[in-house]
There are 2 protein chains.
Amino acid sequence: MRRAEPETRGEILAAAARRFAATGYRGTSLQDIATAVGCSKATVLYHFANKEALLTELMAPAIAMLQALDDRLTGLTGGAAQRVAAEGFVDLAVRFRREIALLRGEFPELLQQPAFAHIQRMSERLLDAMAGTSDRPAARIAALVLLAGISEGCAEFVDMPDDELRPALLALARRALEPVPDPIHD
Amino acid sequence: MRRAEPETRGEILAAAARRFAATGYRGTSLQDIATAVGCSKATVLYHFANKEALLTELMAPAIAMLQALDDRLTGLTGGAAQRVAAEGFVDLAVRFRREIALLRGEFPELLQQPAFAHIQRMSERLLDAMAGTSDRPAARIAALVLLAGISEGCAEFVDMPDDELRPALLALARRALEPVPDPIHD
DNA sequence: TCAGGGTCTGACCGATCGGTCAGGCATGCT
DNA sequence: AGCATGCCTGACCGATCGGTCAGACCCTGA
């Protein structure tokens with residue numbers, strides 16, 4: 001069962017992405033991934049410290065983009081923050097919908113792990129920004145439904161071209177989120 | 001550890017609801033539930049045939065209401081179907097948000113099980129109705145995001161009063177879903 | 001008094017999980 | 001030739017899972 005090319009690491013990563021997308025993170029065992037690659041489970045754990053390392057490497061680009069959005073959001077308030085948050089999140093969801101899809105609704109569980117606590121915090125800031133400065137519950141509800149709906153729904157959009165999905169999600173976000181007036185600078 | 005009152009069955013059901021809501025269906029073991037009740041795992045399995053029976057009994061009222069909505073939807077098309085679907089689903093989500101919440105994003109996995117195949121089919125019909133007869137992708141995207149977002153988000157709304165949550169979700173649904181003209185009867 | 005049924009339990013089962021470990025094999029450097 | 005290194009493996013580990021089972025306990029009715 002020895003492999004000819006030393007491309008095993010990349011193959012493991014690709015197979016893990018496929019399996020996670022098909023059956024979720026918890027629903028995929030290391031043995032599943034090893035079988036898909038055609039190697040042993042021990043080989044998977046030779047290339048990756050543990051199962052979580054596989055997931056974090058797969059999610060790293062998406063997390064980096066979320067971090068960048070979070071940085072852009074600091075200092076912004078009101079309508080400006082709302083627009084940046086909504087457009088930034090739609091861009092993120094469109095670009096990394098395959099990565100988001102492979103969590104398959106396991107966000108809540110995974111975010112509870114201490115290793116992902118900073119993602120939890122960024123998500124909360126994103127939600128606050130999308131809800132606007134308004135403290136009306138309706139605004140937070142709309143923002144939360146949009147955030148959760150796009151995260152969970154993008155698994156269904158993997159085969160849709162970017163330039164069709166992006167404007168549709170943007171238009172939806174604009175419709176769903178009630179605009180917040182910009183503060184008047186003096 | 002013998003219990004005084006023979007209310008064990010109800011206590012197991014209540015504890016299961018709490019644990020499922022806290023850590024999800026797959027994330028909750030029968031031992032967790034037994035510990036929460038203060039009985040043995042064997043007692044849980046004495047009152048319920050298996051773990052899935054616990055879940056189905058907990059979800060039965062919500063599933064019944066979904067079934068009723070599905071029945072009301074048959075024969076309806078266009079804007080009428082869209083309104084009935086949106087309002088019916090919001091009602092369902094508000095009324096049974098605790099039950100929906102305890103799935104904690106495990107919808108996709110659970111729906112894949114053959115025992116829940118009919119729920120899968122009802123969900124698809126609900127999605128079609130909410131998207132309207134329109135076959136434009138944007139309409140289906142909006143409906144899907146709304147459906148997924150409300151399902152996933154209602155876990156956060158458990159402490160909100162019904163008469164605040166319901167109109168907020170209804171208004172959001174109306175904003176998110178582009179209206180479809182009713183067919184003109186001749 | 002005894003039989004029987006409802007309730008509950010500890011002990012146990014096979015399966016599967018993530019993860020460890022010593023060692024085999026090929027390659028390339030000295 | 002000898003040795004180190006990188007890659008890979010089967011065998012194994014402890015933990016946990018859902019689920020089974022024989023039997024103990026209690027109550028009730030004959």
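Numbers restart at 1 for each chain; the letters A, B, ... are given by sequence-line order, proteins then strands.
Nearer the 5' end of DNA chain C, as judged by each residue's closest nucleotide, is the contact made by A:D32, out of A:D32 and A:A49. With DNA chain D read from its 5' end, the first of the two nearest nucleotides for A:T43 and B:T28 is the one closest to A:T43. For A:S29 and B:A42, each mapped to the nucleotide of DNA chain C holding its nearest heavy atom, the one lying further toward the 5' end belongs to B:A42.
When distances are taken from the side chain of A:K51 to each of D:dG19, C:dG19, D:dC8, the shortest belongs to C:dG19. Nearest nucleotide to the side chain of A:K41, out of C:dG19, D:dG10, D:dC8: C:dG19.
What separates CG of B:L54 from P of D:dG18 is a distance of 11 Å, to the nearest Å. A:F48 places its CZ atom 16 Å from the C1' atom of C:dG18, with the value rounded to the nearest Å. In this structure, A:Q31 places its CD atom 21 Å from P of D:dC17, rounding to the nearest Å. For A:L30 and D:dA11, the CG to C1' distance is 17 Å, given to the nearest whole Å. Atom OH in B:Y25 sits roughly 13 Å away from atom P in D:dC17 (whole-Å rounding). Atoms NE2 (B:H47) and P (C:dG6) sit 12 Å apart, rounded to a whole Å. Atom CD1 of A:I12 and atom P of C:dG19 are 14 Å apart (whole Å). Atom-to-atom, CZ of A:R26 to C1' of D:dC17 comes out at 11 Å; the value is rounded to the nearest Å.
Side-chain atoms of A:D32 and A:T35 include no donor-acceptor pair closer than 3.5 Å.
Judged by distance alone, the side chain of A:Q82 and the main-chain N or O of A:A129 form no donor-acceptor pair under 3.5 Å.
Counting heavy atoms of neighbouring residues, nucleotides and ligands inside a 6.0 Å radius, atom CZ of B:R95 does not exceed 12 of them.
Within the 4.5 Å cutoff, the side chain of A:D91 has no heavy atoms near those of the A:L69 side chain.
Note that the CG atom of B:L73 and the CG atom of B:L66 stand 10.0 Å from one another [nearest 0.5 Å].
Under 4.0 angstrom from either OP1 or OP2 of C:dC8 there lies no side-chain N or O belonging to B:Y46. Regarding contacts with the backbone of C:dT7, every side-chain N or O of B:T8 stays at 4.0 angstrom or more from both OP1 and OP2.
Residue contacts for B:L45: at a heavy-atom cut-off of 4.0 Å it reaches a base atom on one of the strands shown.
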